[in-house]
Number of protein chains: 2
Amino acid sequence: MQNNQFKKGELYSFITGKASIAIARSLQKKFNAAGLQLTIEQWSVLYHLWKDDGKSQQDLCNATFRDKPSITRLVDNLEKLGLVQRVPSDSDRRINKIYVTKAAQKLQEQTMQLAEETLNEALSGVPPEHVDLCKEVLQKVYDNLK
Amino acid sequence: MQNNQFKKGELYSFITGKASIAIARSLQKKFNAAGLQLTIEQWSVLYHLWKDDGKSQQDLCNATFRDKPSITRLVDNLEKLGLVQRVPSDSDRRINKIYVTKAAQKLQEQTMQLAEETLNEALSGVPPEHVDLCKEVLQKVYDNLK
DNA sequence: TTGGAATGGTTGTTTAAACAACCGTATGCA
DNA sequence: TGCATACGGTTGTTTAAACAACCATTCCAA
């Protein structure tokens, strides 16, 4: 029943995800240092919209792995900041499509560059092929459990 | 300046740590299903004490990657549950050493087994050598940033 | 030895997450 | 057609995290 992929003493780091917390905190510090009033959570929503604008809130739930009330409030705050806009869908009146504003587009280049900087620091000394493999493992873990 | 270890479209998963969130939620569900009134955060404190009993609260901060107020309140709650005990240190009167109680010891075997189950599910289909390599990468990331 | 800095821990406050319950719209099946 | 169910989104509540400010003890160096 028990396999030995993990010795017991090593369970913890995998469960708590210290690495990703460290990355998020580091990126948040860069945002603050650059004078950007933007949380990582807000940025993560923008990130998905930059990739594919006009997502529904439900789409954002799936993309960010957060529940519906969390997305409602994140979008509320981003709307107050003038960074996104809710647009009711024509074809399905339950749905809000979320679009980034021009103000948000201006943030894209700067924040993506800070994110890349953070990852370069985080992964310094790690061979690219190891990074790829690690990403594959984490994706598989996510797929196995979701 | 920019390197291409990450294509832009893949930044997100690394920063948000969806995999570890999925693992933690899955384990929490198992705790609930087993009738255990224990959060993952509380369990993570117990986990470190089982490995090395009598840690100071500061030690627990380092081990769990949480700040001091968080540990104070986690220990408060664990004390209320009768699972740990604060014992003032003789050699340094600023320090509380935290010890698990017998009630907590009874939880160890059951919860560690649930944690192993969770990890086995999470890592099913992933070769052990890939898991090892992934752990190394995550540890390196943590060391690079902390 | 003594006064300032560092360390370990606590408390107050703000912010945001999850969960449950709810409303309005859409879908599917009898 | 109509009614039960599912789906997208919002609101209310509780819980816990981070941050700042604080107290007591210890360390260190003038």
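Predicted model only: the values in this text are computed from it and were never measured. What you see below is based on every heavy atom in this structure, not just the backbone, and it leaves out hydrogens, waters and symmetry mates. Here is how names work: the chains are called A, B, and so on, in the same order as the sequence lines, proteins then strands, and each is numbered from 1.
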- A:Lys68 atom NZ is separated from D:dT11 atom P, nearest whole Å, by 13 Å

- Distance check: side-chain N/O of B:Arg25 vs OP1/OP2 of C:dA18, anything under 4.0 Å? yes

- Task: Decide whether a cation-pi geometry holds between B:Arg86 and B:Tyr99; the criteria are a distance under 6.0 Å from NZ or CZ to the six-membered ring centre and an angle within 45° of the ring axis.
- Result: no

- Query: Within the pair B:Arg93 and D:dC27, is there a side-chain N or O less than 4.0 Å away from OP1 or OP2?
  - Reply: no

- Task: Check whether any side-chain nitrogen or oxygen of A:Gln57 sits under 4.0 Å from OP1 or OP2 of D:dC7, and answer yes or no.
- Result: no

- With respect to the phosphate group of D:dT10, does any side-chain polar atom (N or O) of A:Asn96 fall under 4.0 Å of OP1 or OP2? yes

- Message: With a 3.5 Å cut-off and heavy atoms only, can you find an N or O donor on one side and an acceptor on the other between the side chain of A:Arg73 and the base of D:dG12?
- Response: yes

- Task: Have a look at A:Asp67 and say if it touches a base, only the backbone sugar-phosphate, or nothing, with a 4.0 Å heavy-atom cut-off.
- Result: base

- Note on the structure: Testing D:dA17, D:dC19, D:dT11 for proximity to the side chain of B:Leu74, the answer is D:dA17

- Query: Taking atom types as they are modelled, is there a donor-acceptor pair under 3.5 Å from the base of C:dT7 to the side chain of B:Arg94?
  - Reply: yes

- Spacing between A:Ile95 atom CD1 and D:dT10 atom P, to the nearest angstrom: 12 Å

- Item | B:Ser70 and B:Asp67: CA distance, side-chain angles, deciding distance, side chain to side chain donor-acceptor pair (under 3.5 Å) verdict | CA-CA 6 Å; B:Ser70 298; B:Asp67 70 355; 2.6 Å; yes

- Message: Reading DNA chain D from 5' onward, which residue's closest nucleotide shows up sooner: B:Pro69 or B:Ser91?
- Response: B:Pro69

- Message: Judged by each residue's nearest nucleotide on DNA chain C, which is more toward the 5′ side, A:Arg66 or A:Asp90?
- Response: A:Arg66

- Query: Would B:Asn120 and B:Glu116 satisfy side chain to side chain donor-acceptor pair (under 3.5 Å), going step by step from the backbone distance to the final call?
  - Reply: CA-CA 6 Å; B:Asn120 288 344; B:Glu116 276 186 43; 5.3 Å; no

- Query: side chain to side chain donor-acceptor pair (under 3.5 Å) between A:Gln139 and A:Asp143: does it pass, once the steps are laid out?
  - Reply: CA-CA 6 Å; A:Gln139 183 63 45; A:Asp143 292 337; 3.1 Å; yes

- Query: Does a nitrogen or oxygen in the side chain of B:Thr72 sit under 4.0 Å from OP1 or OP2 of C:dG9?
  - Reply: no

- CD/A:Gln85: more than 12 non-hydrogen atoms of other groups inside 6.0 Å: no

- Query: Does C:dA18 have OP1 or OP2 sitting under 4.0 Å from an N or O in the side chain of A:Ser70?
  - Reply: yes

